[in-house]
Protein chains: 2
Amino acid sequence: MASSNDSEVRNRSRRGSGRPTLADVAGLAGVGSITVSRALRDPARVSPELRQRIAAAVDELGYVPNPSARALASARVDVIGVLVPSLTNNVFAEVLRGIHEGLGDCPLQIQFGNTHYSDEEEERLLRVFLGQRPSALIVSGIDQGPTTRQMLEEAGCPVVQIMEIGPDPVDMMVGFSHLEAGKAVARHLIDVGCKRIGFLGARMDPRSRRRLAGYEAVMREVGRFDTTLVTTTTLPSSVSMGVNLFHKALEETPDLDAVICNNDDVALGVLFACHRAGLQVPAQIRIAGFNDLEMMEVASPSITSVRTPRYEIGRRAIAMARAAIAGKRPQRTVVDLGFELKIRESTMRPAVPAL
Amino acid sequence: MASSNDSEVRNRSRRGSGRPTLADVAGLAGVGSITVSRALRDPARVSPELRQRIAAAVDELGYVPNPSARALASARVDVIGVLVPSLTNNVFAEVLRGIHEGLGDCPLQIQFGNTHYSDEEEERLLRVFLGQRPSALIVSGIDQGPTTRQMLEEAGCPVVQIMEIGPDPVDMMVGFSHLEAGKAVARHLIDVGCKRIGFLGARMDPRSRRRLAGYEAVMREVGRFDTTLVTTTTLPSSVSMGVNLFHKALEETPDLDAVICNNDDVALGVLFACHRAGLQVPAQIRIAGFNDLEMMEVASPSITSVRTPRYEIGRRAIAMARAAIAGKRPQRTVVDLGFELKIRESTMRPAVPAL
DNA sequence: AGCAGGGATGGTAGCGCTACCAACAGGCAT
DNA sequence: ATGCCTGTTGGTAGCGCTACCATCCCTGCT
């Protein structure tokens, strides 16, 4: 035990993490450090025999690669920046879940940012993210401000815009048409015989506005649009905000026979408000939500809603980003995952028409 | 325009990111690069005059520090690893929001991992995180397995366990007593005169089990415990699972006059199930939830729940982590943020006793 | 036999930053 | 004047890894 080995010397030195490095592994395996690097990154390029010796050395030392050193040397980080406008919102939690699960065991890290529905915040976060030269970016929506838009275009990495699709992608897009979804709900309520169909919206981000536009287009088509039918607020969405919006709408437009809500939280608020006021759903008033949260199906009455592919959007976004990082750009850069109108009790045509 | 400046030369070189570096800023400002480094990290140690020249150079070049290089040189990364068991769950979304907002504009990054309530997954993720030598770790719960526990103890960085408090912190803790919360709900229902109080629980993670234990302790105290009162599943929690559990409970124990749910989703399911079955709440059956989601207050009837300081837990956890990173260890390493029983219509003592 | 071509392996020189030490000036006590 | 401390600045040597090029050896061809 007279000699001290290399790593002991290393440990005593003033700098460094004290952990084994590539060079330690290389020394133990009796190969060059670059060969270890290759064996770890691209095993096919190293002979099976060396590969095994290296694997044994890695195990013995408990070697873990240093991502910072890799990033510095290769001038790229294995980080995907994800910008979403909210976390309170169940919708984006689902998207994030899809992103995380779509990642599998690949060594990418997710760097996540919450823009709080603010363009300035989005720009600020994007600047921070770009400072790290991420491998890819995933951003929510298609309505970035001009500065943000330009930053994305010059990002030098794949960019996936999610939640919505539109005509002019920065790079790639996964989502669905909120305009069409808004139209579909309005058409359905017209089909079941509603005349005075209100629209309730909280937060009113660009996607909600597009759904409202779909509603408005259909209502105008059948000559039933009326600005008093629309009740919105830019305040955050919540179940209690649904209650408030419904009360406000009824005050202004007491003859409403249906409300389309810009999301399920608002719809649930309306349901509770009706219950409290003794209004029969759907006999006296019909309710439609948006997103199809799990509870919509078991609510009493069950609530019509638009199922949106939130989880799937996350998965596809990450899949597209990974493909693009690997140089395999997907054929279609704009993917429409569609939506599905789930018709339930809350908008059933009553057996006997109400009044 | 005969000469090319330094950064043009840099751009033409085969390696590197092509972006300005500390040395470029130093050259432009006419100082040493280490001075620029100091001016950026600890401005007080650089004279005001140089500080200003450096700031101007940074602006002119659009210099952004390279975090990988910093991490490599300083042997530490400005990353806080956060492990939570779920993202679907509104509760943890709130915690994450608190963590992100508690971060403010400090240059720490959050590295987030979803353990899916699995010990193995937690261990795997922790291993990945530790490979990066994070500045701090935030983990959920106090029931880590022995391997995970040991890894945390040897992490070499501040560790905050959140959601729950217990007698034996790895390092720091922020949360509240789920046992006491469970007791409080049970006592309340006993106080309002309930005799046959059921407990419904989905997922039944350790925190839910502790709430159940609190319920059981109180029920035994008053001589009313009975295993048929408890209906649980390890399947994930959801509103529809609340419906299922309630049906199952009623089948086995038809004389239930109250149910304590292990969370608000389950409680909401029970409310819907009662509504569908024509059971009056609270006259025929009382419902208590847990977490106090925003909708509990506006539900019809409003639902009694235990307000838990989820957002605050996130904020405090990050504040404690930051303090510990800065070397200012908080006096109290275990912080009990408490809970609050919100008594609402769903557990009101009926004016006329039911039956 | 001689040589081109390709696959496997290694050496070297950074990537951009910070820790450590050295240097130097200016103020104070001796 | 000397010494010493404090505060400011700079030089240098890495941090652990990978890009680039060089080297070597083996195969198959002329």
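Convention: sequence-line order gives letters A, B, ...; per-chain numbering from 1.
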Handout entry: Y117(A)/E122(A) under side-chain hydrogen bond (donor to acceptor under 3.5 Å, both in side chains): CA gap, chis, key distance, verdict
Key = CA-CA 8 Å; Y117(A) 291 99; E122(A) 179 166 42; over 6 Å; no

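Proximity of R70(B) to the phosphate of dT18(C): a side-chain N or O atom is located under 4.0 Å from OP1 or OP2. In this model, the phosphate group of dC17(C) is not approached by any side-chain N or O of S74(B) to a distance below 4.0 Å at OP1 or OP2. For R41(B), a side-chain nitrogen or oxygen approaches OP1 or OP2 of dA19(C) to under 4.0 Å. Put simply, S68(B) has no side-chain N or O that comes within less than 4.0 Å of OP1 or OP2 on dC15(C).
Nucleotide dC17(C) holds its P atom 9 Å from the CG atom of D24(B), rounded to whole Å. Remark: P of dT18(D) and CG of N66(A) are 10 Å apart, rounded to the nearest angstrom. Look at CZ on R53(B): it is 12 Å from C1' on dT9(D), rounded to the nearest Å. When the P atom of dT18(C) is taken as reference, atom CG of D78(B) falls 10 Å away, rounded to whole Å. Atom CD1 in I34(A) sits about 18 Å away from atom P in dC24(D), given to the nearest Å. Atom-to-atom, CZ of R51(B) to C1' of dG7(D) comes out at 13 Å; the value is rounded to the nearest Å. Atom CD in Q132(B) sits about 16 Å away from atom P in dG16(D), given to the nearest Å. One interatomic measurement links the two molecules: CG of L72(B) to P of dC15(C), which rounds to 13 Å at whole-angstrom precision.
At a cut-off of 3.5 angstrom, the base of dG10(C) holds at least one donor-acceptor pair with the side chain of R38(A).
Between E49(A) and R53(A) there is a salt bridge, with a side-chain nitrogen of the basic residue lying less than 4.0 Å from a carboxylate oxygen of the acidic one. A salt bridge links E121(B) with R124(B): the distance from a Lys NZ or Arg NE/NH1/NH2 to an Asp or Glu carboxylate oxygen falls below 4.0 Å. Using a cut-off of 4.0 Å between Lys/Arg side-chain N and Asp/Glu carboxylate O, D168(A) and R149(A) are scored as salt-bridged. In summary, R97(A) and E94(A) engage in a salt bridge, as defined by a charged side-chain N under 4.0 Å from a carboxylate O.
Position along DNA chain D of the nearest nucleotide to S33(A) versus T35(B) favours T35(B) as the more 5'-ward residue.
Considering only side-chain atoms of A69(B), the nucleotide from dC17(C), dC20(D), dG16(D) that sits closest is dC17(C). The side chain of P65(B) approaches dC17(C) more closely than any other nucleotide in the set dG14(C), dC17(C), dT9(C). The side chain of S47(B) lies closest to dT9(D), out of dT9(D), dT18(D), dG10(D).
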